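In this text the structure is predicted, and so the values were computed from the model without any measurement. Here is the naming used below: chain letters follow the sequence lines, and residue numbers restart at 1 for every chain.
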Protein chains: 2
Amino acid sequence: MPMRSVDVERVRALPLFRTASARTFDNLIAGGFLQKFPAGTTLLMEGDPVDFLYVLIEGLAELQGTWNDKETTLAVLRPVSTFILAAVVLDADALMTARTIERSDILMISGEAVRRAMKEDAAFAVAVAEELSGCYRGLVRTVKNQKLRGASERLANYLLAEQVSQDRGPSLVLPHEKRVLASLLGMTPENLSRAFANLADYGVVVSGPEVTILRPTVLERLAKPDRLIDSHLQPSAARAGMADRECRASAAGTIAALN
Amino acid sequence: MPMRSVDVERVRALPLFRTASARTFDNLIAGGFLQKFPAGTTLLMEGDPVDFLYVLIEGLAELQGTWNDKETTLAVLRPVSTFILAAVVLDADALMTARTIERSDILMISGEAVRRAMKEDAAFAVAVAEELSGCYRGLVRTVKNQKLRGASERLANYLLAEQVSQDRGPSLVLPHEKRVLASLLGMTPENLSRAFANLADYGVVVSGPEVTILRPTVLERLAKPDRLIDSHLQPSAARAGMADRECRASAAGTIAALN
DNA sequence: TGATCGGCTTGATTATGATCAATTGGAGAT
DNA sequence: ATCTCCAATTGATCATAATCAAGCCGATCA
């Protein structure tokens, strides 16, 4: 329940907390607690009031939305990401359900404390605004991706983005079930299968969760990645800077720190 | 070029500026200027660096995204709204193009000044974070709308939302060309026509830009409006409060204060 | 080893939306 | 008044994605 100091360091290093004063930071984590959840746990339901800011320290989680008995995945979160920030700032009800995909370690920080900290520490308030800006822009990318591209284009761009971010050469490993990916990309599992089949002609080889991109150039000609939609034209220059703060949600939504 | 004091008051009354100190506010508008643009002017192109925070004082504007020679409208802005805030906060390139739809009066405030003001005035930084949270949540609604609903469901919900917000009884007036509405709702103009034709069976009568909803109950049974997607279940209680800060982007994106 | 379950795939069919083409109809210009 | 232009509509066709229905395969477990 008390955090390991390794984890405290990891949280402290997040853009959201890096610039906060020591006092602000201590107050925030003093009232927080770390909890382990098994896979498939619902952390928060759509429509519920939000009492905590969540920080995914270890594991994998997803944010989903529902309407009329249909469900869609809005983002898959990887460590270390914060989520539900917007609802916390406004003290509003959640617009998305948060679920663990794998067993996860999650830090929960009092929403009340976050709002108080913002008022007292301008540097922290600025960091919150920057974080939200990145999240917002991640969603703009998502909407463009969704409205402007077809299913296999979305998949192609997702694969290219993952390949770059995983950095294991020409192949990558899907971080979760294909059904989740299908929902994230806005299609049915059946159509995801067919989309993969299409991409075979473009040098994409699938073997279980492992995907290999044999001819990146050819695939890119189909995918037409765009720096205003996809975050993966990695700014080889100065990754350390502020640009890095824009969350790598990618249109596909992979790393998003959301809500 | 100098603002009329009426307009200064209107800006001052915005949630974004209401809580700022007098000094902060004066600094911000001192370096700003009001400009009139004819209809169809591009204020800012996708990919361009953003030097100003924009405030639409009078008129009508839209935000659009492009990819592969296709265009989509992400939001239609009405007075008084700020836009391009997220890019200003991060000092990043615009992800959307901003265009005037009608002749518009637009206040432009130095982005540099906004970033400085946030660091110096915690109350203003908090207001920025709150504004961004509202915008973010507006986009979450948009994505859910887009991924979970079909075309005529989106149209039906748009109409119900407009009807409520225009408050002129059972009818409403489309605030812009139908082609813009089609793009906003994520469909072609042809399909928007057909969607309107479908809704005739549900008591929707269209006559040019005027739409009348004869049987709201029937239309709602089709639309299934949802407070976690559509903003128009008007919180009859306490509209003055913080909840109101959440931008009424509606899933359809009407009033959004974006980017 | 064999049985079972669930995720994934594949095929056939249907539904939904996009595209192409032609026409209508209204606003503004001559 | 007529012409012109363009948004909007309508119809026909095509493309894309969803649904329905088997089947397959790998993991787990008895």
Side-chain angles (χ1 to χ4, degrees), chain A residues 39-40 60 62 67-73 76 99 101-102 145-159 173-201 204-211 222-223, chain B residues 38-40 60 62 67-73 76 99 101-103 145-159 173-201 204-211 222-223:
Chain A
L60 203 61
E62 84 181 300
W67 180 75
N68 197 219
D69 299 320
K70 281 187 284 211
E71 245 182 37
T72 191
T73 299
V76 172
R99 262 184 73 255
I101 290 178
E102 298 176 351
N145 191 39
Q146 194 67 41
K147 287 178 78 174
L148 293 167
R149 303 215 263 227
S152 19
E153 291 160 339
R154 292 197 295 272
L155 175 58
N157 280 293
Y158 172 86
L159 294 176
V173 176
L174 301 177
H176 43 70
E177 288 176 323
K178 291 198 177 105
R179 47 185 303 283
V180 174
L181 178 58
S183 179
L184 180 66
L185 295 179
M187 59 185 109
T188 59
E190 292 95 323
N191 279 332
L192 176 61
S193 272
R194 289 186 255 267
F196 269 121
N198 292 158
L199 296 190
D201 303 342
V204 174
V205 177
V206 185
S207 156
E210 177 158 349
V211 180
L222 170 71
Chain B
L60 202 61
E62 84 180 300
W67 179 76
N68 197 219
D69 299 320
K70 280 186 284 210
E71 244 181 38
T72 191
T73 298
V76 172
R99 262 184 73 256
I101 290 178
E102 297 176 352
R103 177 173 202 289
N145 193 39
Q146 194 67 41
K147 288 177 78 176
L148 293 167
R149 304 216 263 226
S152 21
E153 291 161 339
R154 292 196 296 272
L155 175 59
N157 280 294
Y158 172 87
L159 294 176
V173 177
L174 301 177
H176 44 69
E177 289 175 321
K178 292 200 178 97
R179 45 184 303 282
V180 174
L181 178 58
S183 180
L184 180 66
L185 296 179
M187 59 185 106
T188 59
E190 292 95 323
N191 278 333
L192 176 62
S193 272
R194 289 186 254 268
F196 269 120
N198 292 159
L199 296 190
D201 303 342
V204 174
V205 177
V206 184
S207 155
E210 176 158 350
V211 180
L222 170 70

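Across all strands, B/Gly208 comes closer than 4.0 Å to no nucleic acid atom at all (heavy-atom distances).
If you take CG of A/Leu185 and C1' of D/dA18, they are 16 Å apart, rounded to a whole angstrom. We find that CE of A/Met187 is positioned 16 Å from C1' of D/dT19, with the value rounded to whole Å. The CG-P distance, from B/Asn198 to C/dA15, rounds to 14 Å in whole Å. Rounded to whole Å, the distance from CD on B/Glu71 to P on C/dA18 is 16 Å. As a whole-Å value, the separation of B/Phe196 CZ from D/dA7 P is 17 Å. The nearest whole Å value for the distance from the NZ atom in B/Lys147 to the C1' atom in D/dA18 is 15 Å. A straight line from CG of A/Asn191 to C1' of C/dG17 spans 14 Å, rounded to a whole angstrom. B/Leu155 has its CG atom 11 Å from the P atom of C/dG17, to the nearest Å.
Annotation: of the two residues near DNA chain D, B/Arg194 and B/Arg179, the 5′-most nearest-nucleotide partner is B/Arg179. Map B/Leu192 and A/Gly150 each onto its nearest nucleotide of DNA chain D; the residue landing nearer the 5' end is B/Leu192.
Side-chain contact between A/Glu102 and A/His176: absent, with no pair of heavy atoms (C-beta onward) separated by less than 4.5 Å. When side chains are defined from C-beta on, B/Leu222 counts as touching B/Leu199, because their heavy atoms get closer than 4.5 Å.
Side-chain atoms of A/Thr72 never come within 3.5 Å of backbone atoms of B/Leu148 as a donor-acceptor pair (strictly under, hydrogens ignored). Using a distance-only test at 3.5 Å, with no hydrogens or angles considered, no donor-acceptor pair links the side chain of A/Glu210 to the main chain of A/Ser207. No donor-acceptor pair closer than 3.5 Å links the side chain of B/Lys70 to the backbone N or O of A/Arg149.
Checked against C/dA18, D/dA8, D/dA18, the side chain of B/Lys178 finds its nearest nucleotide in D/dA8. In the set D/dA18, D/dT19, D/dT10, D/dT19 carries the atom at the smallest distance from any side-chain atom of A/Glu190.
Residue A/Thr188 places at least one side-chain N or O closer than 4.0 Å to OP1 or OP2 of D/dA18.
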